[in-house]
Structure formats: C-alpha cells, structure tokens
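Here's the structure we're looking at; comments come further down.
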Amino acid sequence: MSFTLAPAYDDNPRLAELVGRLREYLSGELAEYEATLGLTPETPLARAVIEPVWKRCRELGFYGVHLPGEYGGLDLSYTELAALKEEVGASGRILYHCVLGDLGGPLRAGAIFATATEEQRERYLLPLVRGERACCFSLTETNAGSDVRAMRTTATPEGDGWRISGHKVFSSAGPIADFSVLVARMAGEDESYSAFLVDLDSPGCTVADGEVPMSGQHIESDIILDNCCVGPQQLLGRVGDGLRIGLGRVTTNRLLHCPTVLGHARRALELTIEFARTRQVFGGPLAALQSIQHKIADMATAYYAARAMTYDALSALDSGSKPSTEAFMCKLFVAENAFRIADEAVQIHGKAGLVRGAEVEWLFRRLRMFRVLTGSSEIQKNGIAKALLLPSGTQR
C-alpha cells in the first residue's frame, strides 16, 4: 500500500469513480449547504437540517451504498466501504456522519437486515434506507459500558409481548431517531438478553437530552423506559439473541470504525502541513524548522502504519477470514496513533490550535474520545493478550 493523502484506487474503477464523486459532493454541494446554514460541529442538529442530506445522498448513491442491490446499494466489499468512510472522515464536513448513513441510517442498522422479519424490514428498515426514518442503538447504561452484562434494563413478559423498564445512555442519533434497536435483560432468566425495535414515541418511552461528549456534538440521548410495551412483532430474532445481535458483528464493527478515525487523522495531518507551509516565523515558513519537519514525518508514518494494518485486516475479512485478534490490534493502534497525530497537530499550530472553533482543536477532542468509544484501549489489549496467552479453544 503506497503512502498518499489522496488515494486514487486506480486498480478498482468502481471505487475510484465513487470516491471521485464523493469528494466532489463533500467539497462542493455539502460544503455550500453547511456554510449557508452556518453549521459548526457543536450545532444541535434538527431533522429538518439533516433529512435533506440523507435524501440527497440517497439520490447520489451514497446513502446505503454498502447494502445489497435489492436494497438499492452496490453490495460493497468491506475494503471499499472503508475507503468511503475514510473520505467522509477526512472531508472536514460537519455532516460527514450523514452521508453514508452512520448517524441513524443504513450503516447503523444494516447488519440487522439478516435478522429482521419481512414485516420489520417493511416497517422499520426500508424507510430508514430511503432516508425517511432514523434509528439509534441502545445498549450502554451508566454502569454497563464495556461490561454489557451489567445492564439493568429489563423486559418482563406480558401477554404475547413484554414491558420494558430501564435507562439507556449514549444512544447515538437519539435526538433525531424514530426507533431504537434496544437490548434488554429478560426478567426471570439468568443471563438472557433480547433485542427489540422500540418506537420512541411509544407510551412509557422518553427520549431525554443525553450528556454532551467532549466533542461537543449534540448527537446523544438517554432512552428512558417505564413499562413501555412492545409486541412480539418488535422482537428481533429470538428471545435470548440480544447480545448476539448487539455484539455479534463486533469484529466487523471494530474494524469499520477505524477508517473514519483514520480520515480524521488524515485531515489533521493535511491541516498541519498546510499551516506549516504558510505560517511565517523567524523570517521563514514554519516548515523550514527541522523540529517541525520531524514531527510531521512522525505523524505521516503513524498514519501510514495505522492505515496499512487496517486495510490488511479488512482484506482478510473480505476473503472470508475472521481477523478478530487483528481487529483488536487495529482498534488499539488506530485509536492511540490518531490521537497522537491530533496532539502533534495542536502542538504545531500553537495558539491557533488552542482556540475553540479551530478545526484541529475539534479533531483533538474527537479523536481523544475514540480511545474509549467502541471499546477502550485497555479492552483491546485484553483481547489481544487472551488470544496470545490462552490455550486454543479456551478463549471466551
């Protein structure tokens, strides 16, 4: 894999064409839309603002592009999807997470197509793919993050359905979602969890403002349930399938989080190179200082290494392998090195990088979060160590 900050994908004409059109949209039409509305990363996003983006991206073939043809997608490989995710992450756009469907769209719910019934696909998933509905995923609780089995949200049988009570936090896309893919503990059963499609306007269900993360993005909600009734048609899969559905694609999801983060790191590197070339100090450009040159060399090398290992693991996934240990390694290495890149970007920008509203300052905050989100670096190290130290067949 050659090093470049603008991959060309000449060996894959379909991907090259997609990336070209995506870059044009991101830097052109979407940039103009955001500028007209005066959006910043910390602007609360209303449905009226982002729904037109979903539908426009659907028209352009980006929204849900990874899905099979029967759902309007191109059935992309994981490597192809990763390349597109990296581009939106590197774009500098405020609404980067709306273009492919990360925020409440097909990328959030695409994996449950295989589990959903025909009725569930018609009622929930196909409108989502069309940009008419949005979803959030509700698994985390205040005291149940990495240890998901500590959840206390409970589904109690009632008639042929269930009553759900509990409090979910950090439900991304909650403020604009119509329904939640929600995992609950089954009352009266030991270590049994199920997944439900919960309409967020149901009686007994409240969507509350969640805590604002350090990125400043207003995309999280608390989902509070007080005897919220769901019917049998809202059960995803079978009773007891909740963790399989919620965590079953963990290797894939862990790897697919990395390209967006790599895109953010690439953006930080691009901004830093441009700043170093144009900032004048001591009678010349900042880039003339060897100390700055060395920092940028280290940043570029870390980005290249993180990207190469991620795409290598994605290639293995495309070939039918299950690179679970490699996924732990990628999440760990990408998270730690993307943050180091952002840290050096702020350092090189100096005062200009410390100001709220500066793009590198936001990237610093956003990339710091990834060392915790979707499994902390310590959790990744646990997974790597178990794979290496436990005898074959004893891993859990």
Side-chain angles (χ1 to χ4, degrees), residues 1-11 16 19 23 26-27 79 82-93 96 215 255 257-315 326-355 358-372 377 380-381 384:
M1 178 180 289
S2 300
F3 175 79
T4 175
L5 292 177
Y9 305 107
D10 292 333
D11 60 337
V19 168
R23 287 174 178 166
L26 291 166
S27 62
T79 303
L84 300 184
K85 286 173 68 70
E86 185 180 346
E87 289 300 323
V88 297
S91 68
R93 298 279 65 81
Y96 69 94
S215 67
L255 284 173
H257 279 297
C258 292
T260 305
V261 174
L262 287 168
H264 287 332
R266 182 174 117 193
R267 177 66 175 171
L269 179 55
E270 291 170 339
L271 290 170
T272 302
I273 291 171
E274 180 62 22
F275 183 82
R277 284 172 172 165
T278 57
R279 176 77 161 93
Q280 295 293 308
V281 294
F282 307 117
L286 187 64
L289 301 178
Q290 190 178 62
S291 60
I292 300 301
Q293 294 172 6
H294 286 182
K295 285 181 181 293
I296 290 175
D298 286 340
M299 293 163 71
T301 301
Y303 164 75
Y304 174 64
R307 187 174 189 272
M309 68 187 296
T310 298
Y311 280 81
D312 180 71
L314 286 163
S315 178
E326 293 85 346
F328 282 124
M329 292 175 170
C330 289
K331 171 60 171 66
L332 172 65
F333 195 82
V334 169
E336 295 297 324
N337 283 279
F339 178 67
R340 290 191 186 102
I341 290 169
D343 188 41
E344 289 287 38
V346 170
Q347 191 73 15
I348 292 171
H349 277 76
K351 176 182 175 295
L354 300 177
V355 178
E359 190 174 351
V360 292
E361 184 267 346
W362 181 80
L363 287 167
F364 175 90
R365 286 186 281 134
R366 178 63 182 159
L367 289 173
R368 177 60 183 87
M369 291 173 59
F370 193 62
R371 294 174 65 203
V372 176
S377 290
Q380 311 311 310
K381 291 178 181 180
I384 296 165

Considering all heavy atoms, the nearest L5-E270 contact = O-OE2, 3.4 Å
query = What distance separates Q347 CD from S291 OG, expressed to the nearest 0.5 Å?
reply = 10.0 Å
query = Run the salt bridge (Lys or Arg N to Asp or Glu O under 4.0 Å) check on R266 and E87 step by step: do they pass?
reply = CA-CA 9 Å; R266 182 174 117 193; E87 289 300 323; 3.1 Å; yes
ask   = About how many Å separate CZ of R366 and OG1 of T260, when rounded to the nearest 0.5 Å?
value = 8.5 Å
task = List the steps and the verdict of side chain to side chain contact (heavy atoms under 4.5 Å, CB included) for Y303 and N337.
result = CA-CA 7 Å; Y303 164 75; N337 283 279; over 6 Å; no
request  = Identify the heavy atoms of E361 and V355 that sit nearest to each other, and give their distance.
outcome  = CB-O, 3.6 Å
task = Could you tell me how the ring of Y304 sits relative to the ring of F3: parallel (under 30°), tilted (30 to 60°) or perpendicular (over 60°)?
result = perpendicular
ask   = Within the distance-only criterion (no hydrogens, no angle test), does the side chain of T301 pair as donor or acceptor with the backbone N or O of A297 below 3.5 angstrom?
value = yes
request  = Start with the C-alpha gap between H349 and F364, add the side-chain angles, then the distance that decides, and say whether side chain to side chain contact (heavy atoms under 4.5 Å, CB included) holds.
outcome  = CA-CA 12 Å; H349 277 76; F364 175 90; over 6 Å; no
inquiry  = As a quick check of understanding, evaluate side chain to side chain contact (heavy atoms under 4.5 Å, CB included) for E344 and T272, giving each step before the final call.
reply    = CA-CA 9 Å; E344 289 287 38; T272 302; over 6 Å; no
request  = Would you name the heavy atoms of R93 and L26 that are closest together and state the gap between them?
outcome  = CD-O, 2.9 Å
remark   = Closest non-hydrogen atoms of I341 and A265, given as atom of the first, atom of the second and distance, are CG2-O, 3.7 Å
key: Which atom of V360 lies closest to which atom of A345, heavy atoms considered   = CG1-CB, 4.4 Å
inquiry  = Any heavy-atom pair between the side chains of F275 and R279 that's under 4.5 Å?
reply    = yes
ask   = Looking at Y96 versus H264, is the centre-to-centre ring distance below 6.0 Å?
value = yes
Distance in Å, M309 CE paired with C330 SG, rounded so as to fall on 0.5 Å steps = 4.5 Å
message = Just verifying a value: how many Å separate L363 CG and L269 CG, rounded to the nearest 0.5 Å?
response = 11.5 Å
ask   = How long is the span from the OG1 atom in T310 to the NE2 atom in H257, to the nearest 0.5 Å?
value = 13.0 Å
ask   = Does Q293 reach the main-chain N or O of A287 with its side chain, forming a donor-acceptor pair under 3.5 Å?
value = yes
inquiry  = With a 4.5 Å cut-off on side-chain heavy atoms, are P285 and Q280 touching?
reply    = yes
ask   = CZ/R340 to CZ/R371 distance, rounded to the nearest 0.5 angstrom?
value = 7.5 Å
inquiry  = Walk me through whether F328 and K381 qualify under side chain to side chain contact (heavy atoms under 4.5 Å, CB included).
reply    = CA-CA 7 Å; F328 282 124; K381 291 178 181 180; over 6 Å; no
ask   = If you take all heavy atoms of L367 and A338, which pair is closest and at what distance?
value = CD1-O, 3.5 Å
